[in-house]
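The block underneath contains the structure these notes are about, expressed in structure tokens.
The sequence lines fix the lettering, A, B, ..., with proteins before strands; numbering per chain opens at 1.
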There are 2 protein chains.
Amino acid sequence: MMEKQLNLSKNQKIIFDLIDKSSEPMKAYSILFNVQKKGIKAPLQVYRALDKLVEIGKIHKIESRNAFIACQNSSCQISKTTAFSICESCEKVTEIKDNKLAKYLTNFSDNTGMNYKKYNLEFFGLCKKCKRK
Amino acid sequence: MMEKQLNLSKNQKIIFDLIDKSSEPMKAYSILFNVQKKGIKAPLQVYRALDKLVEIGKIHKIESRNAFIACQNSSCQISKTTAFSICESCEKVTEIKDNKLAKYLTNFSDNTGMNYKKYNLEFFGLCKKCKRK
DNA sequence: TTTAATATTGTTATAATATAACATTATGTA
DNA sequence: TACATAATGTTATATTATAACAATATTAAA
Ligand SMILES: [Zn+2]
Ligand SMILES: [Zn+2]
Ligand SMILES: [Zn+2]
Ligand SMILES: [Zn+2]
């Protein structure tokens, strides 16, 4: 879909491209190692780019893994509502796109009077492959 | 409800009691600082107790905050299905007990063929107090 | 097009979070 | 008792993330 990518700065683009190509979530220091040949030498350069990319919704942080994946769902750029499926065996992570789920959670309200515009949901289990083993 | 507490080891009990009394999620090194007078001197002693307490469901980790709170919902001890409400202003965290939500998420299945016995959901927003300001 | 505001980068140092490895002690159970 | 398992103690180290400050680039008014 390519929205916003044109606006990415040099470091942001380098780091987004790396994460986007990766088949698995990437950790900050693994990103750092992989972009050193491109001139990004310090953790802070990585974390700053990650912060920005998360902010604009191009990537998401998998909180339980301290790792980052590219958004596979264009709507997250606006909504800040994220859901992931995580295999506890092979660590494969997939972003869940499910309108019904999103609607259900977006409309959720509890008895505390809080209302939520933002959530993060992580499901854990075994993926198809790992279930067979 | 007090289940299982009798089985806690010395360090586990010290650390659980501290977290249970706290009105807010506690971070590992803050816990360490608070239990040093009781003879727990090393990070690893804290982390081992935390791991065990999480495993048996007496406490939960708030992944987005790297902090721990006591379970306020006896059923989590079995289910490993957790949901929290987090105020982004004052950082107040509440465990959500909502049978309908739990049922909905427990029964959720996507098109990948995965099935989930475990999830963690974190809602973000402003609590009643902070909304008024 | 100068000017000012804002965003991004570069760099060094350090803080905060978490685990490895190994030795010892306690607890539960046959 | 004797064995297995769980918990503890201790030192060192790995991993994740931010503070502080200086410089440069980009954007949008004036
Ligand atoms: Zn997304
Ligand atoms: Zn798998
Ligand atoms: Zn609970
Ligand atoms: Zn609040």
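Neither side chain, A:Asn11 nor A:Ser9, offers a donor N or O lying under 3.5 Å from an acceptor on the other. Looking at B:Ser109 and B:Tyr116, their side chains never bring a donor and an acceptor atom within 3.5 Å of each other.
Applying the 4.0 Å criterion to OP1 and OP2 of C:dG10, one finds that A:Gln45 has a side-chain N or O inside that range. For A:Ser9, a side-chain nitrogen or oxygen approaches OP1 or OP2 of C:dT9 to under 4.0 Å. In terms of phosphate contacts, A:Lys10 brings a side-chain nitrogen or oxygen within less than 4.0 Å of OP1 or OP2 of C:dG10. In this model, the phosphate group of D:dG9 is approached by a side-chain N or O of B:Asn11 to a distance below 4.0 Å at OP1 or OP2. Here A:Lys52 does not reach the OP1 or OP2 of C:dA7: none of its side-chain N or O atoms lies under 4.0 Å away.
For B:Gln12 and B:Lys41, each mapped to the nucleotide of DNA chain D holding its nearest heavy atom, the one lying further toward the 5' end belongs to B:Gln12.
Computed from coordinates, the A:Lys38 NZ to C:dT9 C1' distance equals 17 Å when rounded to whole Å. The nearest whole Å value for the distance from the NZ atom in B:Lys13 to the P atom in D:dA7 is 15 Å. Atom pair B:Leu50:CG and C:dA16:P shows a separation of 18 Å (rounding to whole Å applied). Put simply, CG on B:Leu32 is 14 Å from P on D:dT11, counting in whole angstrom units. Across the protein-nucleic acid pair, A:Met26 atom CE and D:dT16 atom P stand 12 Å apart, rounded to whole Å. Atom-to-atom, CD1 of B:Ile15 to C1' of D:dA7 comes out at 12 Å; the value is rounded to the nearest Å. Between B:Arg65 atom CZ and C:dA16 atom P there is a gap of 17 Å when expressed in whole angstrom units. The CZ-P distance, from B:Phe33 to C:dA16, rounds to 13 Å in whole Å.
Salt bridge annotation for A:Asp17-A:Lys21: absent, with no cationic side-chain nitrogen under 4.0 angstrom from a carboxylate oxygen. Using a 4.0 Å cut-off between charged nitrogen and carboxylate oxygen, A:Lys92 and A:Glu24 do not count as a salt-bridge pair.
Within a 6.0 Å sphere centred on NZ of A:Lys131, other residues, nucleotides and ligands contribute more than 12 heavy atoms.
Relative orientation of the B:Phe123 and A:Tyr119 rings is perpendicular, given thresholds of 30° and 60° on the angle between their planes.
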Expected string for nucleotides 17-26 of chain D under the B/S/- scheme (protein heavy atoms, under 4.0 Å, primed atoms plus P, OP1, OP2 as sugar-phosphate) is BBBB------

Kindly indicate, with the supporting measurements, whether the criterion salt bridge (charged side-chain N to carboxylate O under 4.0 Å, His left out) is fulfilled by A:Lys118 and B:Glu88.
CA-CA 10 Å; A:Lys118 192 174 159 189; B:Glu88 290 187 294; 3.0 Å; yes

